[in-house]
Amino acid sequence: AVKHTDTVGKNRYLMGWGDRFSLEVKSATSIEISTESIFNQGYYAINEEPELLSLNPGTSGYNRIALVVVRFEQDENTGDEEAYLRVIEGTPTTGSAAEPAFENGNLLEGALVDEVPIWRIPINGIDVGTPVKILSDVFEPWSSIHWPRPVELYSDPEGTNGRLGY
């Protein structure tokens, strides 16, 4: 990962490949995230196929916020690395909903987990509100650089959490 920080820096960037993680609300309990690649603190991941993710159903009279994140993690024992899309559900409330907590780790300083929020989804009662894109920075000067071959996205059988390879 450190070798990539010399090329693209230590920040979080969409790479402008694919549909930039666009989001389509399929139902009150289902969203689809489109294709894209991302650099996060030198780590590279790609989503080559649209990914269907589940939302918990809303409750009448309660509001909450859900976040869609790309979770980067490393197994402490094996050193294996993976990245995958997931939904973090917020806490239902009768008042103004708060954004749920997410892991904000520094992978370059030894953190084993970092989550990159890409969408904020308001859930108002049983209705899914208008999603708001959080990460939209695109690394522009990449056209002259040869990127490593992407690794395909893996899904679990329920389609609730995909795994992005890198």
Original post:
Which distance, rounded to the nearest 0.5 Å, do you find between the CG of Leu112 and the CG of Asn77?
Top reply: 9.5 Å
**OP:** Find the distance between OG1 (Thr130) and CG (Asn124) and round it off to the nearest 0.5 Å.
**Re:** 9.0 Å
**OP:** Evaluate the side-chain proximity of Arg20 to Lys133: yes if any heavy-atom separation is below 4.5 Å, no if none is.
**Re:** yes
Subject >> Partner set under side-chain contact (heavy atoms from CB on, under 4.5 Å) for Thr59, not counting sequence neighbours >> reply: Tyr62
Subject >> Pairs satisfying salt bridge (Lys or Arg N to Asp or Glu O under 4.0 Å), at least one member in residues 122-132, at least two apart >> reply: none
Original post:
When rounded to the nearest 0.5 angstrom, what is the spacing between CG in Asn47 and CD1 in Ile38?
Top reply: 10.5 Å
Subject >> Hydrophobic cluster identity match, Leu53 and Leu23, side-chain contacts under 4.5 Å >> reply: yes
Original post:
For the side chain of Trp119 and the backbone of Phe21, is there at least one donor-acceptor N/O pair under 3.5 Å apart?
Top reply: yes
Subject >> Atom of Ile31, atom of Val25 and distance for their closest heavy-atom approach >> reply: CG2-CA, 4.2 Å
**OP:** Look up atom CD in Glu24 and atom CG in Leu52, then write down how far apart they are to the nearest 0.5 Å.
**Re:** 10.0 Å
Original post:
Quick one: do Ile134 and Ile88 end up in the same hydrophobic cluster if we chain Ile, Leu, Val, Met, Phe, Trp and Tyr together by side-chain heavy atoms under 4.5 Å apart?
Top reply: yes
Subject >> Ser27 side-chain N/O to Ser30 backbone N/O, donor-acceptor pair under 3.5 Å >> reply: yes
Original post:
Which residue pairs pass the salt bridge (Lys or Arg N to Asp or Glu O under 4.0 Å) test when at least one of the two sits in residues 87-103, sequence neighbours left out?
Top reply: Arg64-Glu89, Glu99-Arg120
**OP:** Locate the shortest heavy-atom distance separating Ile121 from Pro131; write the atom from each residue and the value.
**Re:** CG1-CB, 4.3 Å
**OP:** List for me each residue that meets side chain to side chain donor-acceptor pair (under 3.5 Å) alongside Asp75, sequence neighbours excluded, and say none if there are none.
**Re:** Thr78
**OP:** Go through the steps to decide whether Phe72 and Val113 satisfy the test side chain to side chain contact (heavy atoms under 4.5 Å, CB included), and finish with yes or no.
**Re:** CA-CA 6 Å; Phe72 290 79; Val113 175; over 6 Å; no
Original post:
At what distance, to the nearest 0.5 angstrom, does CD of Glu36 lie from CG of Leu85?
Top reply: 11.0 Å
Original post:
For residues 106-117, which residue pairs qualify under side chain to side chain donor-acceptor pair (under 3.5 Å), counting only residues two or more places apart or in two chains?
Top reply: Arg12-Asp114, Asn40-Asp114, Gln41-Asp114, Arg71-Glu115, Arg86-Glu115
Original post:
What residues, two or more places apart in sequence or in another chain, satisfy side chain to side chain donor-acceptor pair (under 3.5 Å) together with Ser22?
Top reply: Ser34
Original post:
Do Val68 and Leu55 sit in the same hydrophobic cluster, where Ile, Leu, Val, Met, Phe, Trp and Tyr count as joined when their side-chain heavy atoms come under 4.5 Å apart?
Top reply: yes
Original post:
Should we count CD1 of Ile126 as having more than 12 external heavy atoms under 6.0 Å?
Top reply: no
**OP:** Determine, step by step, whether Tyr43 and Glu81 satisfy the side chain to side chain contact (heavy atoms under 4.5 Å, CB included) criterion, reporting the C-alpha distance in whole Å, the side-chain angles of both residues, the deciding distance to 0.1 Å, and the verdict.
**Re:** CA-CA 10 Å; Tyr43 289 85; Glu81 301 167 339; 3.2 Å; yes
Original post:
Quick one: OG1 on Thr93 to CG on Asn63, what's the gap to the nearest 0.5 Å?
Top reply: 7.5 Å
**OP:** Identify the heavy atoms of Ser54 and Val87 that sit nearest to each other, and give their distance.
**Re:** O-CG2, 3.6 Å
